[in-house]
Amino acid sequence: MNILLVNDDGYSSQGILPFARALSIKHKVTIVAPHKPQSAAGHAITMHKPLRVKRFEELGGEYGCDIYSCSGKPADCVILGIFEVLEERPDLVISGINFGANLGTDVIYSGTVSGALEAAMMGYPAIAVSLHSFNPTYMDTAVKFMDKFVNQYPINQIGPEFILNINVPAVPYETIKGIKVATQGVITYSDIVTKRTDPFGVDYYWIGGTKAEVPKGDDDANLIEEGYVTITPISYMMTATAEMKAVENAIKRL
């Protein structure tokens with residue numbers, strides 16, 4: 001297959017490079033990824049300033065693929081990758097492997113997931129994949145699992161109206177309990193805004209927060225903690241169809 005790899009951690013991330021090396025044994029792989037980390041960029045695209053693309057031939061030779069950086073966001077990487085960098089259209093677009101899980105409602109903010117969704121909106125099969133850790137110790141687990149997944153899963157059954165959001169537990173490969181197709185959980189945070197004062201007496205703010213305990217259930221946020229790989233089909237169509245009738249009834253009063 002002709003595979004386009006993107007991410008939000010940057011073109012030199014130790015999540016995307018070993019993954020590209022593994023995939024390149026059987027596939028033609030091209031990386032188009034941000035020049036600098038773009039975590040939590042969501043589905044932003046760059047419209048009011050120029051974008052630049054740079055090729056890294058030596059690094060590409062080391063990892064057995066073509067490697068480019070883009071000065072924009074993950075969605076920009078998909079657009080430029082497909083329309084400008086690749087000579088042929090991709091058979092599959094993969095966003096990742098990301099450091100840190102993209103679970104539950106956090107996918108709304110995720111540049112990793114948004115990269116895959118951009119590809120799906122353009123009509124290409126797409127996967128987002130993340131390791132449930134910011135520590136690279138078990139990145140080889142995610143690489144091994146995804147290499148096997150890409151080579152065995154019926155890619156032609158993906159989309160184009162949805163992507164697969166895959167999260168891999170940070171455990172030795174042999175101890176993965178299994179694979180679960182899971183719904184999204186709800187993830188909330190406390191202490192979201194931290195207010196501080198700079199040396200000049202001017203207030204400034206950090207947005208972050210502490211993740212609250214996830215309610216128990218059979219969703220992705222719980223199953224990943226139990227040691228399962230979670231796979232969640234996600235659509236870019238956000239109509240709350242179950243609420244259509246209630247809204248129709250409500251507007252009759254207007």
Side-chain angles (χ1 to χ4, degrees), residues 3-17 19-20 30-54 56 67-86 90 92-122 124 126-134 136 139 142 146 159 162-168 184 187-189 192-194 204-211 220-221 232 234-238:
I3 299 176
L4 173 63
L5 279 186
V6 304
N7 70 359
D8 69 4
D9 287 332
Y11 74 96
S12 60
S13 166
Q14 288 307 304
I16 200 170
L17 291 177
F19 188 28
T30 302
I31 292 174
V32 182
H35 193 73
K36 297 179 180 179
Q38 298 288 342
S39 294
H43 210 122
I45 59 173
T46 303
M47 299 183 66
H48 303 295
K49 60 181 179 181
L51 289 168
R52 302 186 187 279
V53 174
K54 181 179 180 180
F56 296 86
I67 299 178
Y68 299 81
S69 72
C70 167
S71 60
K73 310 295 184 183
D76 294 324
C77 294
V78 174
I79 294 169
L80 289 178
I82 291 175
F83 287 115
E84 293 296 329
V85 175
L86 295 182
L92 175 65
V93 177
I94 306 177
S95 189
I97 298 169
N98 186 66
F99 279 107
N102 282 296
L103 300 160
T105 44
D106 276 355
V107 302
I108 295 171
Y109 307 105
S110 170
T112 302
V113 172
S114 292
L117 285 172
E118 181 65 30
M121 290 168 62
M122 295 168 66
Y124 297 96
I127 298 170
V129 55
S130 306
L131 175 70
H132 187 37
S133 175
F134 293 101
M139 182 56 71
M146 284 306 303
F162 69 94
I163 69 165
L164 297 181
N165 182 40
I166 300 176
N167 285 277
V168 181
Q184 291 174 256
I187 296 177
T188 58
Y189 295 85
I192 296 173
V193 178
T194 300
Y204 67 97
Y205 305 88
W206 283 105
I207 294 178
T210 302
K211 185 181 292 187
D220 57 356
T232 304
I234 295 177
S235 173
Y236 51 81
M237 297 300 293
M238 294 188 282

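Under the rule for a side-chain contact (heavy atoms from CB on, under 4.5 Å), the partners of Ile45 that lie at least two apart in sequence or sit in another chain are Met47, Ala75, Asp76, Ile79. Residues passing the side chain to side chain donor-acceptor pair (under 3.5 Å) test with Asn102, sequence neighbours excluded: Ser110, Ser130. Residues forming a side chain to side chain donor-acceptor pair (under 3.5 Å) with Asn165 (at least two apart in sequence, or on another chain): none. Residues satisfying the ring pair (Phe, Tyr, Trp, His ring centres under 6.0 Å) criterion with Tyr109, sequence neighbours excluded, are absent altogether. Considering only residues two or more places apart in sequence or on other chains, Ser114 meets the side-chain contact (heavy atoms from CB on, under 4.5 Å) condition with His43. Applying the side chain to side chain donor-acceptor pair (under 3.5 Å) rule to Tyr236 yields no partners; only residues at least two apart in sequence or on another chain are considered. For Phe134, the side-chain contact (heavy atoms from CB on, under 4.5 Å) partners at least two apart in sequence or on another chain are Phe99.
Note that CG of Leu117 and CE of Met237 are 12.0 Å apart. Values are rounded to the nearest 0.5 Å. The distance from the CE atom of Met238 to the CD1 atom of Ile108 is 8.0 Å, given to the nearest 0.5 Å. Taking CG of Asp220 as the start and CD1 of Ile166 as the end, the distance is 12.5 Å to the nearest 0.5 Å. The CD1 atom of Ile82 sits 11.5 Å away from the OG1 atom of Thr30 when rounded to the nearest 0.5 Å. If you take CG on Leu5 and CD1 on Ile127, they are separated by 10.5 Å, rounding to the nearest 0.5 Å.
Within the 4.5 Å cutoff, the side chain of Ile207 has heavy atoms near those of the Ile192 side chain. When side chains are defined from C-beta on, Glu118 does not count as touching Val93, because their heavy atoms never get closer than 4.5 Å. Within the 4.5 Å cutoff, side-chain heavy atoms of Ile94 are placed close to those of Leu92.
Minimum heavy-atom separation, Met122 to Val78: SD-CG1, 4.0 Å. Summarising the geometry of Leu80 relative to Cys70, their closest heavy-atom pair is CD1-SG, 3.7 Å, with the distance given to 0.1 Å. For the pair Ser12 and Leu17, the tightest heavy-atom approach, listed with the atom from each and the gap, is O-CD1, 3.6 Å. Looking at every heavy atom in both residues, Asn98 comes nearest to Asp9 through OD1-OD2, 3.1 Å. Contact between Tyr68 and Tyr11 at its shortest, heavy atoms only, is O-CB, 4.0 Å. Residues Leu131 and Ala142 approach most closely at CD1-CB, 4.2 Å, considering heavy atoms.
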All N/O donor-acceptor pairs, side-chain side in residues 31-41, below 3.5 Å, sequence neighbours left out:
{"residue": "His35", "atom": "ND1", "partner": "Ser69", "partner atom": "OG", "Å": "3.0"}
{"residue": "Gln38", "atom": "OE1", "partner": "Lys73", "partner atom": "NZ", "Å": "2.9"}

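The residue from Cys77, Pro74, Ser95 that alone fulfils the side-chain contact (heavy atoms from CB on, under 4.5 Å) condition with Asp8 is Pro74.
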